[in-house]
Amino acid sequence: MQATETRTGVATREMFYNEALNDALRGEMRRDDRVLVIGEDIAEHGGAFQVTAGLLDEFGPTRVRQTPISEIGIVGAGVGAALTGLRPVVELMYVDFAGLAMDQILNQAAQNRFMFGGQARVPLVVRTQGGSGRGNAAQHSKSLEAWFTHVPGLKVVMPATPADAKGLLTASIRDDDPVMFIEHKLLYRTKGQVPEGEHLVPLGVADVKRRGKDLTIVSWSREVLFALEAATKLAADGVDAEVIDLRTLVPLDKDAVLSSVRRTHRLLVLHEAVKRGGYGAEIAATIAEEAFDDLDAPPRRLAGLETPIPYAQHLEKSVVPQVEDIVRVAKEMLS
Amino acid sequence: MQATETRTGVATREMFYNEALNDALRGEMRRDDRVLVIGEDIAEHGGAFQVTAGLLDEFGPTRVRQTPISEIGIVGAGVGAALTGLRPVVELMYVDFAGLAMDQILNQAAQNRFMFGGQARVPLVVRTQGGSGRGNAAQHSKSLEAWFTHVPGLKVVMPATPADAKGLLTASIRDDDPVMFIEHKLLYRTKGQVPEGEHLVPLGVADVKRRGKDLTIVSWSREVLFALEAATKLAADGVDAEVIDLRTLVPLDKDAVLSSVRRTHRLLVLHEAVKRGGYGAEIAATIAEEAFDDLDAPPRRLAGLETPIPYAQHLEKSVVPQVEDIVRVAKEMLS
Amino acid sequence: MDKATALDLYRVMRTIRRFEQRSTQLFGENKIWGTIHSYAGEEAIAAGVCAHLRDDDWITSTHRGHGHCIAKRADLGRMFAELLGREAGYCRGRGGSMHIADTSKGNLGANGIVGGGIPIATGAALTAKQLGTDQVAVAFFGDGAANQGTFHESLNLAAIWKLPVLYVCENNQYAESLPVKRAFATEDIAKRAEGYGMPGVRVDGRDVRAVYGVAAEAVARARRGEGPTLIVADSYRHEGHYYGDPRKYQSKDEVEGWRERFDPVADARRWIAEDGLATEAELDAIDRKVDAEMEKGVAFAEASPLASPIRIPEEVYASH
Amino acid sequence: MDKATALDLYRVMRTIRRFEQRSTQLFGENKIWGTIHSYAGEEAIAAGVCAHLRDDDWITSTHRGHGHCIAKRADLGRMFAELLGREAGYCRGRGGSMHIADTSKGNLGANGIVGGGIPIATGAALTAKQLGTDQVAVAFFGDGAANQGTFHESLNLAAIWKLPVLYVCENNQYAESLPVKRAFATEDIAKRAEGYGMPGVRVDGRDVRAVYGVAAEAVARARRGEGPTLIVADSYRHEGHYYGDPRKYQSKDEVEGWRERFDPVADARRWIAEDGLATEAELDAIDRKVDAEMEKGVAFAEASPLASPIRIPEEVYASH
Ligand SMILES: Cc1ncc(C[n+]2csc(CCOP(=O)(O)OP(=O)(O)O)c2C)c(N)n1
Ligand SMILES: Cc1ncc(C[n+]2csc(CCOP(=O)(O)OP(=O)(O)O)c2C)c(N)n1
Ligand SMILES: [Mg+2]
Ligand SMILES: [Mg+2]
């Protein structure tokens with residue numbers, strides 16, 4: 001892992017996604033004493049996915065607050081701390097556990113500002129992770145971002161690459177609103193070049209991860225990597241797919257999607273979360289409404305099947321979109 | 001309130017929506033000893049909206065189990081009771097409180113059957129109510145059905161009329177799956193003819209509440225009444241709107257919507273819940289995908305604005321679709 | 001107790017009582033939307049506890065929050081304005097009775113979610129500890145809230161972290177229609193403190209002197225960095241759960257007679273006079289002053305413009 | 001204790017221990033997907049409690065659930081089949097280690113949500129009470145789960161309703177990397193029972209005789225309709241939290257030495273022999289039988305077909 005220079009002159013270093021997150025936390029904790037991390041298993045153990053590794057040594061137990069298993073208690077404490085001057089980053093070990101803490105997210109953090117007529121702000125980040133692929137079965141593999149997008153007052157961030165992970169987490173910590181920051185358990189050990197030092201990716205700006213002219217694939221989190229793989233395969237068959245990584249679901253960079261679809265005339269929304277009621281519907285419905293005449297084919301969604309995630313390895317893959325599925329659907333859309 | 005005969009020969013009686021629900025509960029509790037109601041304030045007081053009024057007198061405190069304020073405890077007890085032979089109807093006083101009980105809904109009730117390989121069934125009904133319009137402000141006025149539709153294993157029922165309320169609650173109690181049964185606080189004092197005696201409305205069957213040929217308005221819960229009012233106004237202006245009441249969001253009667261749109265060629269989805277991430281997106285995206293060539297205009301959604309519900313009466317109305325809004329959008333779609 | 005303290009406690013309690021009478025009246029005149037929950041009967045608790053708090057100490061309150069708000073020195077006009085849906089209201093008409101907050105006085109808000117404020121006060125106490133100040137936080141909540149998971153998780157957290165926080169359980173004998181006797185299989189809620197390793201104190205919530213004394217000790221303990229305290233104040237709710245509650249779950253005697261039999265404001269008047277701390281005339285003067293301020297508040301609210309239209313996203317997001 | 005009981009307890013404990021060794025081995029061979037959590041060291045708790053349960057009594061279990069499953073008389077072959085993702089598994093490969101259920105024996109399932117099973121057992125006890133049977137329910141959970149809101153709400157509910165349920169808290173000294181000393185500001189978790197108005201008993205979870213005795217009384221009490229009991233069993237987790245845990249939060253001595261120093265299975269062997277209840281040879285015979293059954297189970301699982309493809313909606317909904 002050695003430093004290299006990019007064309008833009010910013011020093012970068014190859015890092016794992018979880019290292020990039022760690023780098024962001026460390027940077028913000030150094031920069032601002034009010035930033036602290038709160039969560040289960042985050043101290044000596046360094047977090048279930050090693051995102052907080054080493055922070056205890058550098059910042060000590062008051063700024064790396066390991067908690068008992070009390071999800072609503074700790075998220076609520078994060079809300080109270082954020083309301084009164086700290087900038088807490090609370091780790092919810094799995095997004096599946098959100099059901100336990102949801103009241104503090106839904107009725108308190110998200111609404112305090114509006115409900116109190118603008119008196120309050122809640123600079124709280126809830127870091128969590130979701131997704132399937134590690135055999136953790138139905139209670140540890142969900143993708144629940146759609147829930148959070150439906151709550152006015154929350155921002156929802158889902159980085160797909162190490163560089164975005166660092167830049168978006170930094171921006172989320174500096175943001176004055178509650179942010180649901182959702183990582184993916186199978187991204188932690190993916191690698192990429194990450195800018196060193198301060199690195200910010202603004203919330204609300206999508207990233208075109210691949211340019212293409214035949215169809216627009218909109219995705220986020222781990223499925224972005226699948227989309228890119230599929231695009232490579234499709235290219236071999238003469239199909240030129242554009243891949244847009246939303247990065248933040250709220251605020252949504254609608255213009256990025258609209259302008260892409262206006263060029264490609266075809267939209268495929270791709271996500272791991274269950275299709276029914278998923279955020280893909282929001283994207284597809286928005287584009288159907290706002291770019292109806294630009295579409296040469298029905299907008300399609302490819303997403304998780306209507307089932308809890310099964311345990312067995314061969315079954316687990318069968319219920320969320322795989323690269324071959326994307327290739328198949330993209331071809332259908334162009335035929 | 002006297003009994004009358006409908007054309008079909010079934011005796012009906014005019015009832016309020018909350019009376020119709022009460023009738024369903026009473027009927028099922030008489031029919032089946034395993035049915036019991038569990039919840040806060042449901043005994044002497046008869047429930048926050050009088051749905052359980054009188055049940056304590058008839059069935060006694062063991063079958064009308066008034067609880068402390070312990071949302072996850074009582075929903076979880078409902079799950080355990082349902083798994084072991086009872087057919088509990090748990091009342092969650094406001095759907096806004098779902099955030100407290102969500103883990104038992106999401107990770108337990110909804111998943112037990114699948115996760116245990118088919119060994120279990122969870123005949124649990126969670127009765128709750130949502131919606132704005134009574135000045136209860138941001139923590140007592142939400143519409144959260146989209147969350148539940150995104151959870152495989154749950155059924156989601158939202159009746160708009162007294163007759164449907166009775167028929168669907170009866171069917172929900174007899175159903176072997178967990179059902180989220182969501183009432184609307186402003187429907188309780190609406191009246192309608194309700195069949196006497198046993199009355200079942202099957203889950204998964206939409207109801208065309210008004211036939212029309214110019215556009216299809218798909219809605220549920222209280223907004224159905226708004227849609228019907230709007231349709232009357234539109235008719236005066238020569239616009240003939242069809243109004244479909246989904247009644248159950250899951251299972252979804254997709255065919256009813258598809259076949260209507262294939263006739264009217266225009267789709268407006270209408271709901272009170274916040275637009276972003278709402279279930280309207282699911283309907284619009286589905287129709288955009290499956291009936292793209294039948295559409296003569298972009299599918300539209302009219303729904304709640306991206307804000308918590310405000311308190312003041314004049315503000316409250318400004319953030320959820322009103323009859324005039326429907327009329328306006330429908331006309332836009334036809335111009 | 002010295003005269004100034006006694007009279008101030010009396011004034012706060014009397015203000016709360018009058019506020020509840022006045023808002024009930026406004027509700028009856030259809031000027032208030034939604035629901036209101038009267039704190040009448042419980043005045044001694046908010047008054048006795050908040051007397052020890054500075055403006056930079058925090059509280060979280062409940063659906064029955066007017067009393068806490070007033071004890072934390074809120075402006076009556078802005079409170080009424082909120083109830084009447086006016087722009088000058090604390091929440092600009094967005095919040096209403098169940099959400100009045102006054103962050104300038106450390107009031108982090110009423111809460112419509114039973115038990116919802118408990119973790120938030122815990123987090124505020126964490127801020128004090130983290131920043132090394134001597135601020136304290138107080139979570140007010142009802143007997144009903146003591147059976148919520150948030151109570152349990154928060155008290156444990158505060159105990160292991162020794163946070164400067166008071167958990168003040170207002171046992172007004174009911175959670176909506178459920179009497180405490182049916183909600184607990186134990187007589188003394190304060191005993192729960194032991195399970196978390198913190199002191200638990202039961203106090204007569206009718207006697208503002210008793211509350212004042214117990215709170216003094218708990219606040220001092222918190223400021224000294226010695227951690228949280230659970231205070232359970234036995235009290236009584238004069239009115240129904242909400243304005244208009246038919247109170248089917250209570251006896252006629254209870255509905256009609258109990259508010260006279262359990263009256264912390266009248267009690268205070270009595271012992272202040274008996275102990276010679278003030279004359280009846282002095283107390284009457286306070287009453288008149290309170291009533292006048294109340295009318296000023298109502299008039300201010302009624303004269304002020306309706307809440308302005310909602311702007312999205314700026315009202316929903318701080319940065320956008 | 002009579003010979004049959006003692007030997008049966010020993011057999012169950014020995015089976016659990018062996019199952020954990022065997023599944024750890026299979027995990028090392030990459031035959032198990034996901035995660036497994038070993039119950040080694042805690043065998044006396046499941047064995048001692050479940051010895052009093054009939055097949056129609058219910059339990060809810062945890063992520064560390066193999067022991068409860070075995071003590072509730074599950075079939076080893078079907079358990080291994082589940083871990084290996086086979087169709088013959090208890091959950092047809094859908095659930096895996098964290099979700100094994102065996103409703104035919106009253107096992108309502110392991111649970112990946114810490115504290116998630118506590119309300120469910122409470123609901124099962126409600127069924128027994130409602131239907132007037134003498135069935136009981138047992139919620140097994142860890143020290144970590146005792147700080148969840150579900151613990152609090154459920155114990156209160158069971159106490160006021162006098163439900164026939166045992167809350168068995170397995171205090172194995174850790175919740176993942178968090179030692180109990182840092183998760184509680186109180187020494188004795190069983191004291192929490194008082195706050196709910198139910199008996200709380202602390203027992204040496206290393207000694208199966210002690211657990212057996214305490215559970216006997218609590219089960220009898222529940223069957224008599226006298227309500228719930230909280231049992232806190234002091235115990236120790238031999239392995240890391242999960243297979244592969246680097247155990248950075250423990251000393252070398254603890255990682256290397258403690259499993260010998262705290263061994264309920266070895267203890268049981270010792271006192272059975274010392275009390276003359278069985279000879280070493282008899283105990284060896286039990287060991288051999290257990291080991292043979294274990295291998296039969298593994299072989300069954302390895303030979304059985306992979307889980308079948310998922311059918312939707314029929315696997316997700318009972319009626320569709
Ligand atoms: C989470 C939640 N559950 C239920 C309610 C409905 N509710 C409002 S107040 C109340 C009773 C609260 O009782 P208690 O905590 O004793 O406070 P009190 O009203 O007696 O002051 C209930 C059940 C709610 N607002 N929030
Ligand atoms: C609600 C929830 N929070 C966190 C986790 C992650 N987690 C799994 S096991 C565990 C520790 C549980 O500790 P304890 O209850 O003592 O059980 P033990 O593992 O010691 O048997 C944690 C935190 C989880 N599965 N569920
Ligand atoms: Mg109360
Ligand atoms: Mg443990």
Side-chain angles (χ1 to χ4, degrees), chain B residues 33-34 36 38 61-63 65-86 88 90 100-101 103-104 106-124 151-155 171 174-178 202-204 250-251, chain D residues 58 60 82 87 89-96 98-104 106 108-109 111-113 115-131 135 137 139 148-158 160-161 163 307 310 312-320:
Chain B
D33 278 351
R34 297 168 306 169
L36 78 166
I38 303 175
T62 59
R63 293 189 63 204
R65 290 214 169 242
Q66 174 146 314
T67 70
I69 311 170
S70 302
E71 276 78 12
I72 193 161
I74 66 178
V75 172
V79 176
L83 277 169
T84 51
L86 300 183
V90 176
L100 291 162
D103 180 67
Q104 287 290 325
L106 170 75
N107 279 315
Q108 319 295 342
Q111 299 193 152
N112 280 335
R113 175 178 167 74
F114 176 86
M115 205 161 63
F116 296 160
Q119 288 180 73
R121 48 187 61 194
V122 186
L124 167 71
V151 180
L154 297 181
K155 291 172 178 170
R174 296 194 195 172
D175 197 275
D176 275 341
D177 292 307
L203 306 190
V250 179
Chain D
W58 297 292
T60 61
E82 188 57 33
E87 187 68 14
Y90 269 109
C91 309
R92 302 178 51 226
R94 274 76 177 141
M98 265 195 299
H99 301 301
I100 303 184
D102 177 8
T103 55
S104 70
L108 300 176
N111 210 312
I113 301 297
I118 306 179
I120 297 176
T122 309
L126 176 60
T127 297
K129 175 134 193 168
Q130 202 79 354
L131 301 180
Q135 288 159 287
Q148 281 283 38
T150 51
F151 168 90
H152 182 66
E153 299 187 9
S154 300
L155 268 73
N156 187 63
L157 215 53
I160 60 172
W161 286 350
L163 298 181
I310 286 162
I312 299 170
E314 55 267 49
E315 291 197 35
V316 182
Y317 293 97
S319 42
H320 50 92

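Here is how names work: the chains are called A, B, and so on, in the same order as the sequence lines, proteins then strands, and each is numbered from 1. Predicted model only: the values in this text are computed from it and were never measured.
- When heavy atoms are compared at a cutoff of 4.5 Å, B:Leu36 approaches chain D solely by way of its side chain, counted from C-beta outward.
- With a 4.5 Å cut-off on non-hydrogen atoms, D:Glu315 touches chain B through its backbone and its side chain both.
- The contact between B:Glu71 and chain D is made entirely by backbone atoms, counting heavy-atom distances below 4.5 Å.
- The shortest heavy-atom contact between B:Gly73 and D:Pro119 is O-CB, 4.0 Å.
- Interface residue B:Arg121: only side-chain heavy atoms are found under 4.5 Å from chain D.
- Put simply, CG on B:Asn112 and CD1 on D:Ile120 are 5.5 Å apart, with the number rounded to the nearest 0.5 Å.
- Interatomic distance, B:Thr84 OG1 to D:Leu131 CG, rounded to the nearest 0.5 Å: 8.0 Å.
- Neither the backbone nor the side chain of D:Ile118 comes within less than 4.5 Å of any heavy atom in chain B.
- Note on B:Asp103, B:Ile69, B:Asp33: by heavy-atom pairs under 4.5 Å with chain D, the leading option is B:Asp103.
- Per-residue counts of heavy-atom pairs under 4.5 Å with chain D were compared for B:Val79, B:Val122, B:Thr62; the largest is that of B:Thr62.
- Within the 4.5 angstrom heavy-atom criterion, only side-chain atoms of D:Ile160, from C-beta onward, approach chain B.
- Using a 4.5 Å heavy-atom cutoff, the side chains of B:Thr67 and D:Trp161 are in contact.
- Taking the side chain as every heavy atom from C-beta outward, D:Leu126 and B:Ile38 approach each other to under 4.5 Å.
- Looking at B:Asn107, only its side chain comes within 4.5 Å of chain D, counting heavy atoms on both sides.
- Among D:Gln135, D:Arg94, D:His152, D:Gln130, the residue making the largest number of heavy-atom pairs under 4.5 Å with chain B is D:Gln130.
- For chain B, the nearby part of D:Leu157 is the side chain; its heavy atoms alone come within less than 4.5 Å.
- Within the 4.5 angstrom heavy-atom criterion, only side-chain atoms of B:Val250, from C-beta onward, approach chain D.
- For chain D, no part of B:Leu203 is nearby; none of its heavy atoms comes within less than 4.5 Å.
- In this structure, no portion of D:Ala121 lies under 4.5 Å from any heavy atom of chain B.
- Residue contact with chain B, scored on non-hydrogen atoms closer than 4.5 Å, is absent for D:Ile312.
- For B:Asp177 against D:Val316, the heavy-atom pair with the smallest separation is OD1-O, 4.4 Å.
- For a residue to count as touching a neighbouring chain, one of its non-hydrogen atoms must lie under 4.5 Å from one of that chain's; by this rule B:Pro251 does not touch chain D.
- Contact annotation for D:Glu314: only backbone heavy atoms (N, CA, C, O) come within less than 4.5 Å of a heavy atom of chain B.
- Nearest approach of D:Arg92 to B:Gly117, heavy atoms of both residues: CD-O, 3.4 Å.
- Of the listed residues (B:Gln104, B:Lys155, B:Arg65, B:Arg63), the greatest number of heavy-atom pairs within a distance under 4.5 Å of chain D belongs to B:Arg65.
- With respect to chain D, the highest number of heavy-atom pairs below 4.5 Å among B:Arg113, B:Met115, B:Gln108, B:Arg34 belongs to B:Arg113.
- Across D:Ser154, D:Ala124, D:Gly112, the residue that shares the most heavy-atom pairs under 4.5 angstrom with chain B is D:Ala124.
- Atom-to-atom distance recorded for B:Leu86:CG and D:Thr127:OG1 is 3.5 Å, nearest 0.5 angstrom.
- Of the two parts of B:Gln119, the backbone and the side chain both hold a non-hydrogen atom closer than 4.5 Å to a non-hydrogen atom of chain D.
- For the set D:Leu155, D:Asn156, D:Asp102, D:Leu163, the count of heavy-atom pairs under 4.5 angstrom toward chain B peaks at D:Asp102.
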Applying side-chain hydrogen bond (donor to acceptor under 3.5 Å, both in side chains), run through D:Ser319 and B:Asp175 and close with a yes or a no. CA-CA 7 Å; D:Ser319 42; B:Asp175 197 275; 3.3 Å; yes
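- Within the 3.5 Å criterion, the main-chain N or O of B:Ile74 finds no donor-acceptor partner in the side chain of D:Glu153.
- Listed for the D:Tyr317 side chain is no donor-acceptor partner under 3.5 Å among the backbone atoms of B:Pro178.
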